[in-house]
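Order of listing sets the numbers, starting from 1, for every ligand and every atom in it.
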Amino acid sequence: MDPESAAVGIAGLLPLIARAAKTAAEYKDAVISAKASIAALTTELDALEDSAVELYEFLKGESLTSSNIRLHRPCLILSCTAGCEAKLKLLCRKLSQDGNGRRNRFLWPFSEKEDQKIIQELHTFTTWMHFASSVQGCRLLSRPLNDVMDILENQLGQLRAVQLPEHMSKNPDTVQAQQLLLVETRARQVRQATLDWISTTRYLERHEALRLSRAKGTGDWILRNPDYIRWRDGLDTASTLWCHGKQGSGKTNLVSIIVDNLLHIHSDPPKPVAFFYFDHQDQAAQHPSTVLACLLRQLVEQLPDIPHSVGSVYENSNTKGALPEFECQRLLTELLRDRKGAYIVLDALDEYTSDYRTSLLQTIAQFSKVSGARVLLTSSHETQEIPSTLRKHQSVKIVAQEADIKRYIRQELGAKGVYELADDEFVGQLVQKLAEGADGMFLLPVLQLQGILREPTLGDMEDSLKNLSRGLNEVLGETIARIRNLSDNRSRVGMLTLMYLVHAARPLTAAELSDLLAIHADRKRVEQKYRPTTRMILECCQGLVTIDGKTGDVRTSHSSIQEYLLANDERLFPRAEAIFAINCLRYIQLSDFETGPWDTGAEIKSHMDKYPFLNYATRFWGKHAYPSEADAAVQAQLSSFFRSRAATAVTNQVRQFAMGRKKDYWSPEECLSFTPLHHACRHGLLRTAEGLLDEGTIDVNQATKQRATALIHAASSGHVDIIRLLMERGADPYLCNWYGNALHCAVQAGFVDTVRELVLKWGMNPTYTGKHRTYLGCTLDRDAADAFETLIDLGVDINTEKGWGRATGGTEDDVELDDLHIFLEACSTGCYRIVDLLVSRGWVDVNMKSPDGWTALHWAARGRNLTIVKKLVEAGADITARDNEGILALDLVQQSYDPPALEFVLGSYIQGLRKGYGSRAQQGDRWGTPVSQRGDP
Ligand SMILES: Nc1ncnc2c1ncn2[C@@H]1O[C@H](COP(=O)(O)OP(=O)(O)OP(=O)(O)O)[C@@H](O)[C@H]1O
């Protein structure tokens, strides 16, 4: 049998792997626990997919043809493929839990032990596939099992012989070198895996880009600044230095110089350096946990070995899930202590969202207290928002230096060939005038110079220099005027690009933007030849935008430019939202999409790949139509959109598919049953919904195949005015989809006003007695504390409500949860905000027990949420409480967490406990809990 036939079997595995990975991923939103298991399983399935593709390509490739390998029947490759197929089918079946009831669909179907077993089995398949993807491996596995065993036995014998001393003495160096190589390779792999597990933020890219764009020889003054030197060398007691200056004064570039300096100075012991450049256009990737993990990775990376504390957390995690934030803080603190300090540099705090800034600064302030730690922070001093905490630090004022600006200008003139055109006098004047007028900023002369260099002739440059605009706003205004004066089409590309950047719901990639710019009222197809190239987009924007090398997103070149555009939005871009909405709707209605909705995910994906803007248009058209609904042209587009069944169905299909929903939600049947009224109500388009109802062609209660009504969509999106309209027109608020009725959906999404409207104005009873979950229980799905509080306010009795209500399947496990008080369930399912609400209002007894004697602390420990454990302990929960079988809450807490993590979060409480048990501590475990008392009712 030739290897290509085996490739067919391997190809058959790929859809199974994809199905298993997709089903596992679908649990992410719905499942209550076991997120780490899902992550581990999907990672293993990804690895299996990679190996299967590798083997498939290898079996079909040329290297095998030339090596003349034939497969025996049976052989290990074929039997392993069959084994893998059987395992994957079983896995898919279990994951989809066909016929197991609604409740079970929320529960991860495997126990922890089963999880490990499955992952191990998949790992074995991955390994043999990888092994079979080499000529040698494939030759071995092309034989039946018994033959392979014989060969391996034989090789083992030879290997043992090689290890005998007399053999070693023949060639000891080679054997030892090979052993060493193996050990080193393995250690390197573990090291890399640990670092990648901590963080994959590509922190070096921005630094490298700054280093490359920096003018040579500039910025060195900061390294001679006495305040900086004292901070760096630890000559001051103050461990934090705040560098502040005007916007665009060159702080970020100076930080890149400082980081290079810190990385190269010698100190004993060497101090590692970690840095982070905040970016106003990348807030999503800058959650404090991401920032801290990135800092930790850098510090660890600079050490010769992974510290034991970090290694053990990685091992305990079984490489599952992300590093928790509190662990990250603890490891950073420990590392700073062990290394006797480190440098931490954070640039542009003013570009960091204020939602996170305070908490991050508090954490960093803790780090700065560790002896030897040095923290450097930069921000503009012009914004009001900078916390007063920064102002009390030792500081250095950053002002762009004239000499640096001159150096920069001369280098630019050289690079652009101006010396060949211009005489010394002009160059001298240019350099002098720009440097003198910089007003402490670097950005200003940079933009002025860009403007001058865009002039076509030397004469125009001279004129431009004479009429040089002063001040950042003036320069930016002039650049915009220049864009407007370009030829019609170029000006259109430039201005539309700026408008889209300011108004987009999320950053746009260059491919998306180019696709969007190609849309034209007269064209019914996407035509490649009308898509502007990235270079053309940049040129038309006259230096105001750039492409992010990391993400491919188009962005303004500097935060001041974004601020200017926002401040002048109405004047520069009137009707921006309307234009955006119209072009999204035009795009969705192109004839390229008339073949939709499509039957398979592969077809949807291939359309999304071919038409980059499709994802954005289908997801966000409503966000732009909402504020511009009154615009006549938008209305015209909306009516033509709603007349096209293909367009409305494709819009819902791509949206649901791109959001990772399961097929029920993007199947053609569901999408074709999604009416214009559903669309209008989901996006809050009141006037449009009214018009559609007036036409009388759609019933107000019409439901999709998945039983979603227009009211459910309005409630899930929090559009109160739409709810009022629909109710006035006779909507039935009690119609249910799989999740429940409109109130269930509003509660789950946490829309308080919608909840009040449905209860107070339309008389829905907040104390639910139907066949779905209780309303209060639905708040647990997204930890919707505000909705929880509203329901209590509306008269729901906390003590009679259960999280899962009465409609939950009927297995033993269900009974356990059904009987649970909602407070205990909130502890168990990690609803920190709800627990916080209940405890701080004093609505519950923190020592409440379930019938089996488990306290809130037991449940929180089972849910593995250390923040809730901490909250409960702080609120007075008895850590020494026992359940009916004598199990201590503390035992459970201890079992669930790594001791150092516990010590870090609950240090003082644990120490208090130790003291309490002090006299008998030696006989007890490491926390001082006496052995005699453990498990003893
Ligand atoms: N040493 C340098 N070499 C070349 N260009 C520089 C240098 N320093 C600053 N610039 C230019 O000036 C602009 C502003 O500099 P930078 O971003 O460092 O200022 P900033 O003070 O950090 O600004 P903000 O406060 O708005 O974040 C940069 O985009 C770059 O074009």
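- Under a 4.0 angstrom heavy-atom cut-off, Asp404 registers as lying outside contact with ligand 1.
- One finds a salt bridge joining Arg531 and Asp515 here, because a Lys/Arg side-chain nitrogen approaches an Asp/Glu carboxylate oxygen to under 4.0 Å.
- Taking the six-membered ring for Trp and thresholds of 30 and 60 degrees, Tyr616 and Phe580 have nearly parallel ring planes, at less than 30 degrees apart.
- Close approach to Ser559 involves these atoms of ligand 1, each under 4.0 Å from a residue heavy atom: 26 (O).
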Exercise. Using the side chain to side chain donor-acceptor pair (under 3.5 Å) rule, take Gln394 and Tyr228 through it: C-alpha gap first, then chi angles, then the decisive distance, then the call.
Key: CA-CA 10 Å; Gln394 188 79 24; Tyr228 168 71; over 6 Å; no

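- Using a 4.0 Å cut-off between charged nitrogen and carboxylate oxygen, Arg330 and Glu334 count as a salt-bridge pair.
- At a 3.5 angstrom cut-off on N or O pairs, Lys251 counts as close to ligand 1.
- In this structure, Asn225 contributes its side chain and Trp221 its backbone to no donor-acceptor pair below 3.5 Å.
- The nearest heavy-atom contact from the protein to atom 23 (O) of ligand 1 is Gly248 N, 3.0 Å.
- The closest donor-acceptor contact from the side chain of Ser491 to the backbone of Ser487 lies at 3.5 Å or more, if one exists at all.
- Among protein heavy atoms, atom 13 (C) of ligand 1 sits closest to Leu443 CD1, 3.8 Å.
- The nearest protein atom to atom 3 (N) of ligand 1, hydrogens excluded, is given as Ala215 N, 2.9 Å; this is a heavy-atom distance.
- Considering both main-chain and side-chain atoms, Asp350 never comes within under 3.5 Å of ligand 1 through any nitrogen or oxygen pair.
- Residue Ser249 touches ligand 1 through backbone and side chain together, judged by heavy-atom distances below 4.0 Å.
- Protein heavy atom at the shortest distance from atom 11 (C) of ligand 1 is Val446 CG2, 3.7 Å.
- Of the protein's non-hydrogen atoms, Glu351 OE2, 3.0 Å is the one closest to atom 27 (O) of ligand 1.
- Ion pairing between a basic and an acidic side chain is recognised when a charged N comes within 4.0 Å of a carboxylate O; Arg202 and Glu205 show such pairing.
- Nearest-heavy-atom check against atom 16 (P) of ligand 1 across Gly250, Cys243, Gly440 picks out Gly250.
- Within the structure, ligand 1 lacks Gly219 among the residues with a heavy atom less than 4.0 angstrom away.
- The shortest heavy-atom distance from Ser213 to ligand 1 is under 4.0 Å.
- Residue contacts with ligand 1 for Ser557 are absent, since no atom lies close enough (heavy atoms, distance under 4.0 Å).
- Of all protein heavy atoms, the one lying nearest to atom 28 (C) of ligand 1 is Asn253 ND2, 4.0 Å.
- For atom 1 (N) of ligand 1, the closest non-hydrogen atom of the protein is Thr218 OG1, 2.9 Å.
- Interface of Tyr408 with ligand 1, defined as ligand atoms under 4.0 Å from a residue heavy atom, comprises 4 (C), 5 (N).
- Between the side chain of Thr556 and the main chain of Ile561, no donor-acceptor pair closer than 3.5 Å is present.
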Exercise. I would like to know whether Arg297 and Thr201 meet side chain to side chain donor-acceptor pair (under 3.5 Å); could you show each step before the answer?
Key: CA-CA 9 Å; Arg297 178 188 168 128; Thr201 302; over 6 Å; no

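- Of the protein's heavy atoms, His558 NE2, 3.1 Å lies nearest to atom 17 (O) of ligand 1.
- At a threshold of 4.0 Å, the pair Arg506-Asp553 does not count as salt-bridged, since none of the basic side-chain nitrogens sits closer than that to a carboxylate oxygen.
- Of the candidates Tyr352, Phe278, Tyr356, His287 forms a ring-ring contact (aromatic ring centres under 6.0 Å, His included) with just one, namely Tyr356.
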